[in-house]
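Comments concern the structure below.
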Amino acid sequence: MDRWKEGQAMKMLMFDTEYFWFETFSKNLDHVGDIETEERVEDTAVAFIHAEAEDESRKGKVVKKAVSNLKWYLNKVNKDRIVLHSFAHLSSSTSSPEFAMEVLSEIKTKLENKDVEVHTTAFGYFSEFSIHVRGESLEKVFKEI
(Lines give C-alpha, C1' and ligand atoms only; values in the text may rest on other atoms or scores of the structure.)
Protein backbone atom coordinates (compact mmCIF):
# COMPACT_ATOMS: atom_id res chain seq x y z
CA MET A 1 0.00 0.00 0.00
CA ASP A 2 1.23 3.52 -0.81
CA ARG A 3 2.43 5.17 2.42
CA TRP A 4 1.31 8.63 1.29
CA LYS A 5 -2.27 7.37 0.99
CA GLU A 6 -2.00 6.06 4.56
CA GLY A 7 -1.41 9.65 5.72
CA GLN A 8 2.35 9.42 6.11
CA ALA A 9 3.49 12.72 4.68
CA MET A 10 5.27 15.97 5.41
CA LYS A 11 3.18 18.19 7.64
CA MET A 12 2.86 21.97 7.40
CA LEU A 13 1.07 24.28 9.80
CA MET A 14 0.74 27.73 8.21
CA PHE A 15 -0.20 31.01 9.85
CA ASP A 16 -0.95 34.53 8.63
CA THR A 17 0.65 36.78 11.23
CA GLU A 18 0.97 40.38 12.29
CA TYR A 19 4.52 39.42 13.30
CA PHE A 20 6.76 36.49 14.16
CA TRP A 21 9.65 37.07 16.56
CA PHE A 22 12.24 34.38 17.23
CA GLU A 23 15.54 33.98 19.03
CA THR A 24 17.85 30.99 19.28
CA PHE A 25 17.54 29.41 22.70
CA SER A 26 19.67 26.25 22.74
CA LYS A 27 21.40 23.99 20.24
CA ASN A 28 19.84 20.55 19.89
CA LEU A 29 22.08 19.15 17.13
CA ASP A 30 25.81 18.93 17.83
CA HIS A 31 26.87 18.99 14.16
CA VAL A 32 25.38 22.42 13.32
CA GLY A 33 27.37 25.61 13.69
CA ASP A 34 27.07 27.99 16.60
CA ILE A 35 24.38 30.57 15.92
CA GLU A 36 22.95 33.31 18.05
CA THR A 37 20.20 35.15 16.26
CA GLU A 38 17.13 37.21 17.01
CA GLU A 39 14.72 38.48 14.39
CA ARG A 40 11.25 39.98 14.17
CA VAL A 41 9.47 39.68 10.83
CA GLU A 42 6.42 41.89 10.36
CA ASP A 43 3.29 41.09 8.33
CA THR A 44 4.39 37.62 7.29
CA ALA A 45 3.17 34.10 6.77
CA VAL A 46 4.82 31.46 8.95
CA ALA A 47 5.11 27.75 8.16
CA PHE A 48 5.99 25.14 10.76
CA ILE A 49 7.33 22.26 8.65
CA HIS A 50 7.80 18.66 9.77
CA ALA A 51 9.55 16.18 7.46
CA GLU A 52 8.77 12.52 8.16
CA ALA A 53 11.03 9.50 7.67
CA GLU A 54 8.74 8.29 4.87
CA ASP A 55 9.36 11.52 2.92
CA GLU A 56 13.01 10.66 2.33
CA SER A 57 12.11 8.31 -0.53
CA ARG A 58 10.05 10.99 -2.31
CA LYS A 59 12.06 14.17 -1.85
CA GLY A 60 11.30 15.68 -5.26
CA LYS A 61 7.55 15.35 -4.79
CA VAL A 62 7.74 16.66 -1.21
CA VAL A 63 9.62 19.81 -2.23
CA LYS A 64 7.40 20.45 -5.26
CA LYS A 65 4.15 20.02 -3.29
CA ALA A 66 5.44 22.07 -0.35
CA VAL A 67 6.37 24.98 -2.61
CA SER A 68 3.03 24.74 -4.42
CA ASN A 69 1.06 24.71 -1.14
CA LEU A 70 3.09 27.54 0.36
CA LYS A 71 2.63 29.69 -2.77
CA TRP A 72 -1.11 28.93 -2.69
CA TYR A 73 -1.26 29.99 0.95
CA LEU A 74 0.76 33.16 0.35
CA ASN A 75 -1.63 34.11 -2.45
CA LYS A 76 -4.68 33.43 -0.26
CA VAL A 77 -3.39 35.65 2.57
CA ASN A 78 -1.91 38.21 0.17
CA LYS A 79 1.70 37.91 1.36
CA ASP A 80 5.07 37.84 -0.37
CA ARG A 81 7.04 37.08 2.81
CA ILE A 82 7.31 33.87 4.83
CA VAL A 83 9.22 32.42 7.77
CA LEU A 84 10.09 28.72 7.50
CA HIS A 85 10.50 26.95 10.84
CA SER A 86 11.55 23.31 11.12
CA PHE A 87 9.20 21.86 13.72
CA ALA A 88 9.69 18.17 14.45
CA HIS A 89 6.61 17.93 16.66
CA LEU A 90 3.71 17.47 14.23
CA SER A 91 4.08 13.68 13.96
CA SER A 92 5.75 10.74 15.67
CA SER A 93 7.62 9.93 12.45
CA THR A 94 10.66 12.12 11.92
CA SER A 95 13.13 12.26 9.03
CA SER A 96 16.84 12.51 9.56
CA PRO A 97 17.97 16.03 10.47
CA GLU A 98 20.11 16.11 7.32
CA PHE A 99 17.08 15.39 5.12
CA ALA A 100 14.90 17.96 6.90
CA MET A 101 17.60 20.61 6.53
CA GLU A 102 18.08 19.77 2.83
CA VAL A 103 14.34 19.92 2.12
CA LEU A 104 13.95 23.26 3.90
CA SER A 105 16.87 24.67 1.96
CA GLU A 106 15.38 23.55 -1.36
CA ILE A 107 11.94 24.93 -0.44
CA LYS A 108 13.56 28.24 0.49
CA THR A 109 15.48 28.47 -2.79
CA LYS A 110 12.44 27.63 -4.92
CA LEU A 111 10.28 30.19 -3.10
CA GLU A 112 12.97 32.86 -3.51
CA ASN A 113 13.05 32.04 -7.23
CA LYS A 114 9.32 32.89 -7.22
CA ASP A 115 10.01 36.34 -5.71
CA VAL A 116 9.08 35.38 -2.15
CA GLU A 117 11.07 36.93 0.71
CA VAL A 118 12.04 33.93 2.86
CA HIS A 119 13.30 33.98 6.44
CA THR A 120 14.30 30.86 8.36
CA THR A 121 14.82 30.08 11.99
CA ALA A 122 18.14 28.49 12.96
CA PHE A 123 18.07 24.80 12.06
CA GLY A 124 19.22 22.50 14.84
CA TYR A 125 18.20 24.91 17.58
CA PHE A 126 15.31 25.24 19.92
CA SER A 127 13.97 28.74 19.49
CA GLU A 128 12.03 31.03 21.71
CA PHE A 129 9.30 32.68 19.68
CA SER A 130 6.32 34.98 19.83
CA ILE A 131 3.63 35.00 17.20
CA HIS A 132 0.56 37.14 16.60
CA VAL A 133 -1.79 35.13 14.40
CA ARG A 134 -4.74 36.82 12.76
CA GLY A 135 -8.18 35.48 13.73
CA GLU A 136 -10.02 34.49 10.56
CA SER A 137 -10.34 30.85 9.54
CA LEU A 138 -7.83 30.97 6.65
CA GLU A 139 -5.20 32.47 8.95
CA LYS A 140 -4.44 28.98 10.30
CA VAL A 141 -4.08 26.13 7.78
CA PHE A 142 -2.74 22.59 8.21
CA LYS A 143 -1.57 20.55 5.19
CA GLU A 144 -0.20 17.06 4.71
CA ILE A 145 1.80 16.78 1.50
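Just so you know, these numbers use all the heavy atoms, side chains as well, and skip hydrogens, waters and symmetry mates. This one's a predicted model, so the numbers in the text were calculated from it and none came from an experiment.
Residues Val116 and Asp80 have side chains not in contact (no heavy-atom distance under 4.5 Å, counting atoms from C-beta outward). With a 4.5 Å cut-off on side-chain heavy atoms, Leu84 and Ile49 count as touching. No side-chain heavy atom of His132 sits under 4.5 Å from any side-chain heavy atom of Thr17.
The number of heavy atoms from other shown groups lying within 6.0 Å of NZ (Lys64) does not exceed 12. Lys27 NZ: more than 12 foreign heavy atoms inside a 6.0 Å radius. Within a 6.0 Å radius of CG in Asp115, other residues, nucleotides and ligands contribute 12 heavy atoms or fewer. Heavy atoms of other residues, nucleotides or ligands lying less than 6.0 angstrom from CG of Asn113 number more than 12. Around atom NZ of Lys76, no more than 12 heavy atoms belonging to other residues, nucleotides or ligands sit under 6.0 Å away. The environment of CD in Glu36 is sparse: at most 12 heavy-atom neighbours from other residues, nucleotides or ligands sit within 6.0 Å.
Under the 3.5 Å distance criterion, with hydrogens and angles disregarded, no donor-acceptor pair is assigned to the side chains of Trp21 and Glu128. Side-chain atoms of His119 and Glu117 form a donor-acceptor pair, as typed in the model, at a separation below 3.5 Å.
Atom CG of Leu104 sits about 9.5 Å away from atom CZ of Phe99, to the nearest 0.5 Å. Note that NZ of Lys61 is 15.0 Å distant from NZ of Lys59, once rounded to the nearest 0.5 Å. To the nearest 0.5 Å, the span separating CZ on Phe48 from NE2 on His85 amounts to 5.0 Å. The distance from atom NZ of Lys65 to atom CE of Met12, rounded to the nearest 0.5 Å, is 9.5 Å. Here the CG-CD1 distance, from Asn69 to Ile107, works out to 10.0 Å after rounding to the nearest 0.5 Å. Rounding to the nearest 0.5 Å gives a distance of 6.0 Å between OG1 of Thr44 and CZ of Arg81.
Taking the centre of each ring, Phe129 and Phe87 stay at or above the 6.0 Å mark.
Residues Phe25 and Val46 do not share a hydrophobic cluster, defined by chaining ILVMFWY side chains whose heavy atoms lie under 4.5 Å apart. At a threshold of 4.5 Å between side-chain heavy atoms, the hydrophobic network of Ile, Leu, Val, Met, Phe, Trp and Tyr places Val133 and Leu13 in one connected group.
Ser127 and Thr24 make their closest contact through OG-CA, 4.3 Å (heavy atoms, listed as atom of the first residue, atom of the second, distance). When every heavy atom of Ser96 is checked against every heavy atom of Glu56, the shortest pair comes out as N-OE2, 2.8 Å. Closest non-hydrogen pair, Tyr73 versus Ala45, comes out as CE2-CB, 4.2 Å. When all heavy atoms of Asp55 and His50 are compared, the closest pair comes out as OD2-O, 4.5 Å. The shortest non-hydrogen separation linking Ala51 to Met10 is CB-CE, 3.9 Å. Minimum heavy-atom separation, Ala9 to Glu52: N-OE1, 2.9 Å.
Between Lys108 and Glu112 there is a salt bridge, with a side-chain nitrogen of the basic residue lying less than 4.0 Å from a carboxylate oxygen of the acidic one. A salt bridge between Arg134 and Asp43 is present, with a side-chain N of the basic residue lying under 4.0 Å from a carboxylate O of the acidic one.
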Practice problem: Check the pair Leu111 / Leu70 against side chain to side chain contact (heavy atoms under 4.5 Å, CB included), numbers first and verdict last. | Solution: CA-CA 8 Å; Leu111 286 172; Leu70 291 166; 3.9 Å; yes
